[in-house]
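Letters go in sequence order (proteins before strands), and every chain restarts at 1.
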Number of protein chains: 2
Amino acid sequence: MSKCEQCIVRQFSSLKALNKTELIRISDCKESIVIKRGETIFEEGQHLDGVYCVRSGICKLTKLSDNGRQQIIKFVKSGDLLGQRTVISNDTVNLSAIAVQDMEVCFIPKREINQAFQENPRFSGEVINVLCNDLKDADNSIVNMAQKPVKERLAYYLMHFHDDFGLDQEGYLSVQLSREEIAGMVGTATESLIRMLSEFNKKGLIETKGKRIKIKDTVQMERMAEGF
Amino acid sequence: MSKCEQCIVRQFSSLKALNKTELIRISDCKESIVIKRGETIFEEGQHLDGVYCVRSGICKLTKLSDNGRQQIIKFVKSGDLLGQRTVISNDTVNLSAIAVQDMEVCFIPKREINQAFQENPRFSGEVINVLCNDLKDADNSIVNMAQKPVKERLAYYLMHFHDDFGLDQEGYLSVQLSREEIAGMVGTATESLIRMLSEFNKKGLIETKGKRIKIKDTVQMERMAEGF
DNA sequence: CAATTTATATGATTTTTGTCATGATATTTG
DNA sequence: CAAATATCATGACAAAAATCATATAAATTG
């Protein structure tokens with residue numbers, strides 16, 4: 001089993017605040033897990049006995065709406081921790097985590113996290129900062145969802161994907177989602193989403209190849225996200 | 001000037017975790033402020049040099065959308081602290097705070113809050129818990145905004161008002177908002193909101209008297225909020 | 001208290017978005 | 001590789017919501 005002390009991903013997570021001793025302790029009791037695309041890491045309502053540190057891959061955090069649709073709240077990538085809020089506030093999980101790519105994650109038991117949280121103020125500071133950022137992002141999302149029409153939201157999220165997850169060799173967005181998933185992120189019906197992608201395509205804003213999407217005109221797309 | 005040690009509101013805020021010495025220190029440098037309905041406490045983009053502790057009254061936290069509408073993200077009432085996220089993550093304010101009732105707030109300088117945060121783990125624990133709850137609420141709001149139609153969102157928020165802020169002597173919701181403000185909370189156009197209230201009125205779900213709203217059928221309203 | 005402004009209300013219309021139906025492509029599986 | 005299944009795409013229509021216009025009521029102000 002690989003060691004936390006040597007894990008590159010650590011540098012990007014809150015765990016970077018831990019010292020060698022703490023890392024070794026965590027390393028000794030952590031559990032490496034491989035998760036295939038589509039598999040669920042945890043589901044809303046569940047109790048978590050620890051947090052997951054994402055080594056590779058990406059997962060979506062979703063919540064089931066009353067109308068039966070799965071809303072994507074946020075994406076989590078390597079370096080991020082999963083389930084921090086739950087462990088800290090000792091609450092059940094509010095969101096489901098489902099892999100959208102094959103993933104490697106490490107499970108770190110609650111007690112280790114709590115101990116580090118209590119004893120290492122730099123670590124707790126890092127975690128709190130992540131929570132604060134999440135809260136800010138969430139507040140911004142509320143405004144977008146409540147006020148922007150679907151077309152602008154789609155443009156907004158495509159640009160976010162472009163900026164946060166980057167492109168593959170051919171210039172397509174590196175994360176491939178199904179149309180249904182994109183609809184769940186934008187907060188619209190799948191058919192509406194497909195129509196809008198077709199429209200963006202016709203207007204020359206994007207180019208699609210199966211599930212893959214390339215943003216051809218980022219300037220225009222950015223403007224569209226802002227409502228022009 | 002009144003003293004924090006004797007302030008009843010303290011019991012309901014994160015400040016309850018502070019000991020006498022800490023409270024006296026804060027009390028000595030805090031500043032009491034009276035804010036009239038409609039006045040702004042702070043605006044998005046601004047820097048804050050401290051947090052506000054709400055003694056009485058209610059304010060709305062809003063964010064201006066690209067389309068020029070003011071979205072209400074959340075309400076803050078007595079016992080709550082304002083600006084915690086900003087002070088902790090040393091960021092500019094993301095939301096504007098505007099009084100919807102006359103308020104009394106106390107301004108507590110950043111340095112005092114930071115010191116208490118560093119030195120008193122019970123206090124930081126309380127603050128973190130508040131942030132975690134805010135995050136959970138925000139995630140739930142995203143789903144509501146993205147997936148529910150306006151009618152259901154209105155029912156949902158009316159019920160929240162009913163449960164969180166209670167009723168006056170005559171059974172009307174105790175917080176009075178303008179139609180425009182309610183629209184900004186639900187995330188819709190003012191005219192649409194007014195139409196929906198008329199509809200609720202005709203159906204016997206609510207009763208209005210000027211700005212005041214009474215929920216006549218909470219059971220039905222609850223069901224409506226869930227999409228029936 | 002009359003005049004002005006602001007907030008509320010409603011009608012008419014357009015735009016946006018959702019739903020249902022159906023066909024075309026992929027993708028999976030035996 | 002063919003059959004079955006899932007995904008993607010598009011048309012037709014219905015519903016929801018925004019916008020514009022205009023009227024009425026309420027609040028403010030000189």
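Atom CD of B:Gln70 is surrounded by more than 12 heavy atoms from other residues, nucleotides or ligands within 6.0 Å.
B:Thr190 comes within 4.0 angstrom of no nucleic acid atom, judged by non-hydrogen atoms across all strands.
One interatomic measurement links the two molecules: NZ of A:Lys151 to C1' of C:dT16, which rounds to 9 Å at whole-angstrom precision. Distance A:Arg179 CZ to C:dA26 P: 11 Å, rounded to the nearest Å. Atom CE of B:Met145 is separated from atom C1' of D:dA17 by 15 Å (rounded to the nearest Å). The separation between B:Glu199 atom CD and D:dA15 atom P is 14 Å, rounded to whole Å. Between A:Ile213 atom CD1 and D:dC8 atom C1' the separation is 12 Å, expressed in whole Å. Between the CG atom of A:Leu197 and the P atom of D:dA9 there is a distance of 7 Å, rounded to whole Å. Straight-line distance from the CZ atom of A:Arg212 to the P atom of C:dT27: 11 Å, rounded to whole Å. Taking atom CG of B:Leu154 as the reference point, atom P of D:dA16 lies 15 Å away to the nearest angstrom.
Residue order along DNA chain C, read from the 5' end via each residue's closest nucleotide, puts B:Ser192 first among A:Lys211 and B:Ser192. When the nearest nucleotides of DNA chain D are assigned to A:Ser178 and B:Arg153 by heavy-atom distance, the more 5′-ward of the two goes with A:Ser178. Ranked by how close their nearest DNA chain C nucleotide is to the 5' end, B:Ala146 and B:Glu180 are led by B:Glu180.
Put simply, the side chain of B:Arg195 and the base of D:dT19 share a donor and an acceptor less than 3.5 Å apart. A donor-acceptor contact under 3.5 Å is not formed by the side chain of A:Arg69 with the base of C:dG18.
Side-chain proximity of A:Ile194 to the nucleotides D:dA21, C:dA7, D:dT10 is greatest for D:dT10. Listed nucleotides: C:dT17, D:dG11, D:dC20. Nearest to the side chain of A:Val150: C:dT17. The side chain of B:Glu191 lies closest to C:dT10, out of D:dA17, C:dT10, C:dT17.
At least one side-chain heavy atom of A:Thr208 sits less than 4.5 Å from a side-chain heavy atom of A:Asn201.
Figure legend: B:Lys30 and B:Phe107 shown without cation-pi pairing, the cationic atom not lying both under 6.0 angstrom from the six-membered ring centre and within 45 degrees of its axis.
There is a side-chain donor-acceptor pair under 3.5 Å between A:Tyr172 and A:Glu207. The closest side-chain donor-acceptor pair between A:Gln71 and A:Ser65, if any, does not fall under 3.5 angstrom.
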